[in-house]
Amino acid sequence: MGTNLQDYVELLNAEQHVQVDKLRENARHGVFPSVRGEVWMYLLGVLSEDKTQEITSVVNLISQYQNLPSTLPSELTSALTQIALSHHTRRFFNPTYAGLITSLTAETPSLAPIPGEGKSHARDVTISVPLSSTSTETRPSGSSKKEEGELNTLRSQYSRFLPPPPSAPPTRNGYISTVLEVLGKYYHIRLNRRLAMTSPTERHSQGTTPAPPGGGVYEDILHGAERDWVYLVTPFVCCLSRPGAICLGFEKLMDRLDRFPPLPSRLASLLTLFRLAIPDLHSYFEDEQVPYVEVTLSWLTSLLSREMWLGDVLRLWDAYLASDDMFELHCYVCVAILATCKETLEELDGSEAKLMLLDLPPMDVDRLLQDAANLRVSFPLPRPVQEE
């Protein structure tokens with residue numbers, strides 16, 4: 001099934017109600033770069049499908065974001081900066097990736113084929129209506145200047161929150177600055193949630209009483225998960241221009257990840273599926289001492305945002321965010337990747353296989369998703385007994 005850009009534009013420009021179910025169905029087949037950020041905002045629930053309250057909702061979201069502090073403990077700032085610097089060099093600065101990222105972030109009236117994305121995206125489409133629904137509204141002839149001024153102010157707020165996507169890859173300084181601001185805001189969102197669940201006495205005994213800005217580590221809050229934040233936030237940096245929108249989309253994604261089964265259960269499910277679906281490759285990994293458990297843990301916690309080319313990540317996440325069970329789909333995609341790379345992996349020793357699996361070559365994501373669907377039919381996902 002192919003979906004053209006005009007289909008997305010018409011759905012997003014609905015006057016009263018955005019058909020999120022239809023967006024979700026279309027997104028499974030891939031989203032065009034020029035509307036990807038906005039589509040993701042609906043799929044994640046950042047934007048409401050009720051368009052009559054959309055402007056007010058956006059204004060409230062902007063206010064909430066601006067009121068959040070963005071300071072981070074010095075140790076965490078240093079760690080995130082190093083990870084962001086390395087990831088930018090690997091995925092943006094490296095000439096191998098430069099053309100790919102430019103094609104993903106550029107907005108053009110006629111879309112050429114996008115590396116790593118399906119051929120259905122290559123259709124030439126003339127954008128005949130604006131991408132923002134608010135710009136299509138018309139005012140009654142009797143509207144006062146005051147009402148028009150208020151409307152313009154609200155539209156300005158919407159544009160500030162969700163302007164057109166980036167037109168060029170982020171610079172190193174711009175990328176690191178955006179990542180630190182967004183993750184600083186998210187850090188305080190997570191901290192505030194945790195503090196709200198504990199009494200003052202418990203916070204004092206656990207050492208979680210808020211410290212001065214930038215000072216000390218909030219103990220027992222993050223459990224080391226922040227190391228994956230840089231990788232998980234980067235796809236949002238590719239398709240959204242404003243830190244506020246990036247942060248709110250990232251927050252909703254993390255909320256979904258929090259609803260996944262515990263990591264040991266996830267690991268057991270994926271490894272069992274791997275052993276059942278590709279037993280000969282599993283045996284080869286055992287014989288060659290490939291550290292596949294370490295690789296699998298990385299794949300599970302980063303949703304492949306660390307290991308895959310960014311073009312592939314964005315296409316894959318179109319399907320992930322549209323999925324009814326993102327964890328299950330992710331498990332089948334991981335096994336599909338192993339099946340796709342099987343012949344190459346069997347020519348490598350343990351250390352070489354690890355390097356390949358932690359820095360995957362460009363993949364045909366549409367083919368991976370089809371292979372994942374076929375695996376789902378043949379191999380039900382193993383679930384720990386306590387989850388059934």
Chemist: Taking the side chain as every heavy atom from C-beta outward, state whether W299 and L338 have any pair of such atoms under 4.5 Å apart.
Modeler: yes
Chemist: Should L304 and L355 be counted in the same cluster of Ile, Leu, Val, Met, Phe, Trp and Tyr side chains packed under 4.5 Å apart?
Modeler: no
Chemist: Kindly indicate whether the side chain of F285, heavy atoms from C-beta on, has any atom under 4.5 Å from the side chain of D280.
Modeler: no
Chemist: Does E294 come within less than 4.0 Å of K354, counting only side-chain N to carboxylate O?
Modeler: yes
Chemist: Grab the two heavy atoms, one from L180 and one from L72, that are nearest each other, plus how far apart they are.
Modeler: O-CD1, 4.1 Å
Chemist: So, D21 and R24, do they make that salt bridge, N to O below 4.0 Å?
Modeler: yes
Chemist: For F260 together with H330, are the ring centres under 6.0 Å from each other?
Modeler: no
Chemist: Hey, can you tell me if H87 and Y231 have their rings parallel, tilted or perpendicular (30° and 60° cut-offs)?
Modeler: perpendicular
Chemist: Identify the two heavy atoms, one from V237 and one from Y175, that lie closest to each other, and give their separation to 0.1 Å.
Modeler: CG1-CD1, 4.1 Å
Chemist: May I ask you to decide if V18's main-chain N or O and K51's side chain share a donor-acceptor pair within less than 3.5 Å?
Modeler: no
Chemist: Crowded around E352 CD? As in, over 12 foreign heavy atoms under 6.0 Å?
Modeler: yes
Chemist: Just by distance, do the side chain of W317 and the backbone of L303 share a donor-acceptor pair under 3.5 Å?
Modeler: yes
Chemist: Flag the pair L310 / F92 as yes when at least one side-chain heavy-atom distance between them is below 4.5 Å, and no otherwise.
Modeler: yes
Chemist: I would like to know whether T301 and D228 meet side-chain hydrogen bond (donor to acceptor under 3.5 Å, both in side chains); could you show each step before the answer?
Modeler: CA-CA 7 Å; T301 57; D228 292 310; 3.2 Å; yes
Chemist: Do L276 and T272 have side chains that get closer than 4.5 Å, going by heavy atoms?
Modeler: yes
Chemist: Would you mind checking if R190 and D255 are paired as a salt bridge, meaning a charged N to carboxylate O distance below 4.0 Å?
Modeler: no
Chemist: Does any non-hydrogen side-chain atom of Y65 lie less than 4.5 Å from one of P243?
Modeler: yes
Chemist: Considering only heavy atoms from C-beta outward, does the side chain of I189 approach that of Y187 to under 4.5 Å?
Modeler: no
Chemist: Please give me the minimum heavy-atom distance between V313 and P235, naming the atom from each residue.
Modeler: CG1-CG, 3.7 Å
Chemist: For P73, is there any backbone N or O sitting under 3.5 Å from a side-chain donor or acceptor partner on T77?
Modeler: yes
Chemist: Would you mind checking if D371 and R376 are paired as a salt bridge, meaning a charged N to carboxylate O distance below 4.0 Å?
Modeler: no
Chemist: I'd like to know whether S34 forms a side-chain hydrogen bond (donor to acceptor under 3.5 Å, both in side chains) with Y8, so could you lay out the CA-CA distance, the side-chain angles of the two residues, the decisive distance to 0.1 Å, and finally the verdict.
Modeler: CA-CA 10 Å; S34 56; Y8 281 107; over 6 Å; no
Chemist: Would you find a donor on one side and an acceptor on the other, under 3.5 Å apart, between the side chain of D312 and the backbone of P362?
Modeler: no
Chemist: Quick check: do D318 and W40 have side-chain heavy atoms less than 4.5 Å from each other?
Modeler: yes
Chemist: Under the 3.5 angstrom rule, does the side chain of S63 hit a backbone N or O of V59 as a donor-acceptor pair?
Modeler: no
Chemist: Looking at D359 and R90, is there a salt bridge between them, counting it only when a charged N and a carboxylate O are closer than 4.0 Å?
Modeler: yes
Chemist: For S283 and P279, indicate whether the former's side chain and the latter's backbone hold a donor-acceptor pair under 3.5 Å.
Modeler: yes
Chemist: Can you give me the closest heavy-atom contact between L329 and A319, atom names plus distance?
Modeler: CD2-O, 3.9 Å
Chemist: Within the side chain of H88, is there an N or O that forms a donor-acceptor pair under 3.5 Å with the backbone of P170?
Modeler: yes
Chemist: Check whether any side-chain N or O of S70 sits under 3.5 Å from a backbone N or O of K185 as a donor-acceptor pair, and report yes or no.
Modeler: no
Chemist: Once you round to the nearest 0.5 Å, how far does CG of L273 lie from CG of L375?
Modeler: 7.0 Å
Chemist: Can you check whether R36 reaches P165 side chain to side chain, under 4.5 Å on heavy atoms?
Modeler: no
Chemist: Could you tell me whether the side chain of S265 and the main chain of P261 form a donor-acceptor pair under 3.5 Å?
Modeler: no
Chemist: I'd like to know if K22 pairs up with D7 as an ion pair, taking the criterion as any Lys NZ or Arg NE/NH1/NH2 lying under 4.0 Å from an Asp or Glu carboxylate oxygen.
Modeler: no
Chemist: Could you walk me through whether N173 and T171 pass side-chain hydrogen bond (donor to acceptor under 3.5 Å, both in side chains), step by step?
Modeler: CA-CA 6 Å; N173 289 339; T171 63; over 6 Å; no
Chemist: Measuring from atom OH of Y284 to atom CD1 of I278, what distance do you get when rounded to the nearest 0.5 angstrom?
Modeler: 14.5 Å
Chemist: Which heavy-atom pair separates H17 from E49 by the least distance, and what is that distance?
Modeler: CE1-OE2, 2.9 Å
Chemist: Test D50 against T52 for side-chain hydrogen bond (donor to acceptor under 3.5 Å, both in side chains), laying out the working first.
Modeler: CA-CA 6 Å; D50 181 3; T52 62; 2.5 Å; yes
Chemist: Give a yes or no on whether a salt bridge exists between R193 and E251, defined as a side-chain N under 4.0 angstrom from a carboxylate O.
Modeler: yes
Chemist: Where do P166 and C239 come nearest, in terms of heavy atoms and distance?
Modeler: CD-C, 3.8 Å
Chemist: Classify the angle between the aromatic ring planes of Y186 and W229 as parallel (below 30°), tilted (30 to 60°) or perpendicular (above 60°).
Modeler: perpendicular
Chemist: Does the side chain to side chain contact (heavy atoms under 4.5 Å, CB included) test come out yes or no for T340 and D364, once each step is laid out?
Modeler: CA-CA 10 Å; T340 299; D364 183 342; over 6 Å; no
